[in-house]
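Contents: one structure, followed by commentary.
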Amino acid sequence: MYQVGNLVKELTEKHGRARDSLMPVLQGIVAKHSYLTDEAMVEVAKELDISAAEVYGTASFYTFLDTKERGKYVIRVCKTITCAMKGKSEILEVLEDMLKIKVGETTSDKLFTLMETNCIGWCHKAPAMLINEMPFTELTPERVVEIIKSYMKK
Amino acid sequence: MRHKGLNKVDLIFEKVDLREVLTKAFRMSSEEIIQEILESGLKGRGGAGFPTGLKWKYTAAEKDPDKYVVCNADEGEPGTFKDREILDKVAGKMYGGMAIAGHAIGAKKGIVYLRGEYRFLLPQLMRELESFHAMIAEIGYDFHINYALGSGAYICGEESALFESIEGFRGEPRNKPPYPTTSGVYGKPTSINNVETLVTVLMIIREGAGVYNQLGTKDSRGSKVFSVSGDTPTPGIFELELGMTVQEFVNEFGDGDTKAVQVGGASGFCVPRKRFTDTIIGFEGVPTGGSMKLFNSSRSMYNVLRNYLDFFAEESCGQCTPCRVGCQQLLKGVEKVKKGEVQSSYLNELVKLAETMKIASKCGLGQSVGNAFRTIVENFKEEIIY
């Protein structure tokens, strides 16, 4: 859990307080904290003068606007057909083995969350994954280990 | 059947003098631009294939002075990645296409809706947008573009769901009519076009409709950027003249053992080997937003179908019952057939369900699930059952 502090105010200063600011504000919170807490969503509702149910209703529609606790780095491995054909399962196994978690779980140090996702538009360089917003393509088990190690050192 | 064969083209990624093309476009009247696009025969490159010139004509006819050009950069169809390459390499041409669209329909505002999965491109896209705005101002033209970002929802590529998302709501498609040309984003007349369509428009204005419509066939003018993936030695992004057969495509991109090509992604059609020679890639045969997936004989078409159905069951927005329940039941149904829990004739019931979804679903998602379902089940029945 994080304290949302002044972040919502900063984001509404930047994006405005109209209804169409809701997505950029929620996206801004997720960019910083990986997920939305109840406290953050209530704060957004107050700032935008809409009901908290509206905020939750919108957030819960979008895969990337998580309302459950997530790690600092959210790994999303593409599971759509080409990535599935080109070794996605092997990539997942390496990640599960290295991070000691299953898909959908977060490491105890809250550093990584492992997820699967639908087509991210890198089929010609499959298998592919996102770590937060960064894409990684043409993955091999060796490359995945290197990538995760580099994130552990950050 | 007449066709043109496989012919590589370089229009989309060609570097152009943007200022020169835009100066030319802004000297033309709205009617002249729309006429030029109509004559070019250009149909929307996102997949649905609505004639771009007509869309602009309808939007231009609206009296409301407050109109929008929206660029649909929510490329989410499995197997499609050509818009990402266009955004990465020639975003300036896309901005130019938006300004031309704005000039044609009488809009001063543009919005690019970029899928969240492509957010990593945003810093470079914003830099290019800054220089684009500066150039437009120098020419003395008034047009301003903003960005809106998606957050991982395939359905937001559906135009009215995309508007809902821009406005800050759940991405649930609206009832049509009214169509976007009369009531789009913020309820204002809107022309919503795909990334590639907008770049193509810029090239049509530069080259002239007469040059462009020499390419392709009567129903499918011009060229198209294809996203090639699957069992191919040369996956990637290729601009090809429209009008080739699947066989010609396979001759170029196949690995010598291609048994099926999925044209148009998960919502598209599966073409089996026996139909390669008589199926044209285009609006007279199998249309595509660019997604071309090749499968060789080592692949189980059951796995392909199951993967697509799993995709749709997750990505259905859940608003209308035929799609929400239909996607789940199709997925459960093929799994039951595979496990032998039901007789193979149950597949016929599932095909009927897919047909019902086509009629009863509110938007293109539910309406097109049956395309892949029917073409895979019909052509690879044994692989689904055994």
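Excluded from the calculations below are hydrogen atoms, water molecules and symmetry mates; all remaining heavy atoms, backbone and side chain alike, are included. The shown structure was predicted, so the numbers you read here are calculated from the model rather than taken from an experiment. Naming convention: chains lettered A, B, ... in sequence-line order (proteins, then strands); numbering from 1 in each chain.
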Give, for atom CE of B/Met292 and atom SG of A/Cys123, the distance between the pair rounded to the nearest 0.5 Å.
13.5 Å
Ring-plane angle category for B/Phe120 and A/Trp122, please: parallel below 30°, perpendicular beyond 60°, tilted otherwise.
tilted
Region of B/Leu122 in contact with chain A, defined by heavy-atom distances below 4.5 Å:
neither
So, the part of B/Ser165 with a heavy atom under 4.5 Å from chain A: the answer is both
Test B/Ser151 against every option in A/Leu65, A/Thr63, A/Val30 by the side-chain contact (heavy atoms from CB on, under 4.5 Å) rule and name the one that passes.
A/Leu65
If you tally heavy-atom pairs under 4.5 Å against chain B, which of A/Ala84, A/Ser21, A/Gly57 wins?
A/Gly57
Heavy-atom pairs under 4.5 Å with chain A: which of B/Ser229, B/Gly79, B/Ala148, B/Ser227 has the most?
B/Ser229
Among A/Leu48, A/Thr58, A/Val25, single out the residue with the greatest number of heavy-atom pairs under 4.5 Å to chain B.
A/Thr58
With a 4.5 Å heavy-atom cut-off, do B/Cys156 and A/Tyr62 have their side chains touching?
yes
Quick check: do A/Met85 and B/Asp231 have side-chain heavy atoms less than 4.5 Å from each other?
yes
Exceeds 12 heavy-atom contacts within 6.0 angstrom, atom CZ of B/Phe169:
yes
Are the side chain of A/Glu133 and the backbone N or O of B/Leu121 linked by a donor-acceptor pair below 3.5 Å?
no
Chain A contact via B/Arg119 - which portion, at a heavy-atom distance below 4.5 Å:
both
Shortest non-hydrogen contact between B/Ile237 and A/His124, atoms and distance:
CD1-NE2, 3.9 Å
If we define contacts as heavy-atom pairs under 4.5 Å, which of B/Gly236, B/Ala153, B/Gly230, B/Gly171 has the most with chain A?
B/Gly171
Decide if atom CG of A/Asp49 counts as having more than 12 heavy atoms of other residues, nucleotides or ligands within a radius under 6.0 Å.
no
So which part of B/Leu149 gets closer than 4.5 Å to some heavy atom of chain A, the side chain, the backbone, both or neither?
both
What one should report as the nearest heavy-atom pair of B/Asp310 and A/Lys79 is OD2-NZ, 3.2 Å
For the CZ atom of B/Phe81 and the OG1 atom of A/Thr82, what is their distance to the nearest 0.5 Å?
7.5 Å
Applying a strict 4.5 Å limit to non-hydrogen atoms, the region of A/Leu130 in contact with chain B is side chain
Part of A/Lys86 within contact of chain B (heavy atom distance under 4.5 Å):
side chain
Which one of A/Asn132, A/Ile120, A/Leu22, A/Leu26 has the most heavy-atom pairs closer than 4.5 Å to chain B?
A/Ile120
Is it the backbone or the side chain of B/Phe295 that comes under 4.5 Å from a heavy atom of chain A, or both, or neither?
side chain
Between B/Glu117 and A/Gly121, is there a donor-acceptor pair closer than 3.5 Å when you use the side chain of the first and the backbone of the second?
no
Least distance between heavy atoms, B/Val304 atom then A/Ile81 atom
CA-CD1, 3.6 Å
Take a 6.0 Å sphere around CG of A/Asp38 and say whether it holds more than 12 heavy atoms from other residues, nucleotides or ligands.
no
For the student: nearest non-hydrogen atoms of B/Gly76 and A/Cys119, plus distance
O-CB, 4.3 Å
Can you confirm whether A/Pro135 sits close enough to B/Tyr118 that some side-chain heavy atom of one is under 4.5 Å from a side-chain heavy atom of the other?
no
Which bit of B/Arg115 comes within less than 4.5 Å of chain A, counting heavy atoms only: side chain, backbone, both or neither?
side chain
Should the heavy atoms of other residues, nucleotides or ligands under 6.0 Å from CD of A/Glu90 be counted, would the total exceed 12?
no
Assert top hit (heavy-atom pairs under 4.5 Å, partner chain A, pool B/Lys293, B/Gln262, B/Glu75, B/Glu172) equals B/Lys293
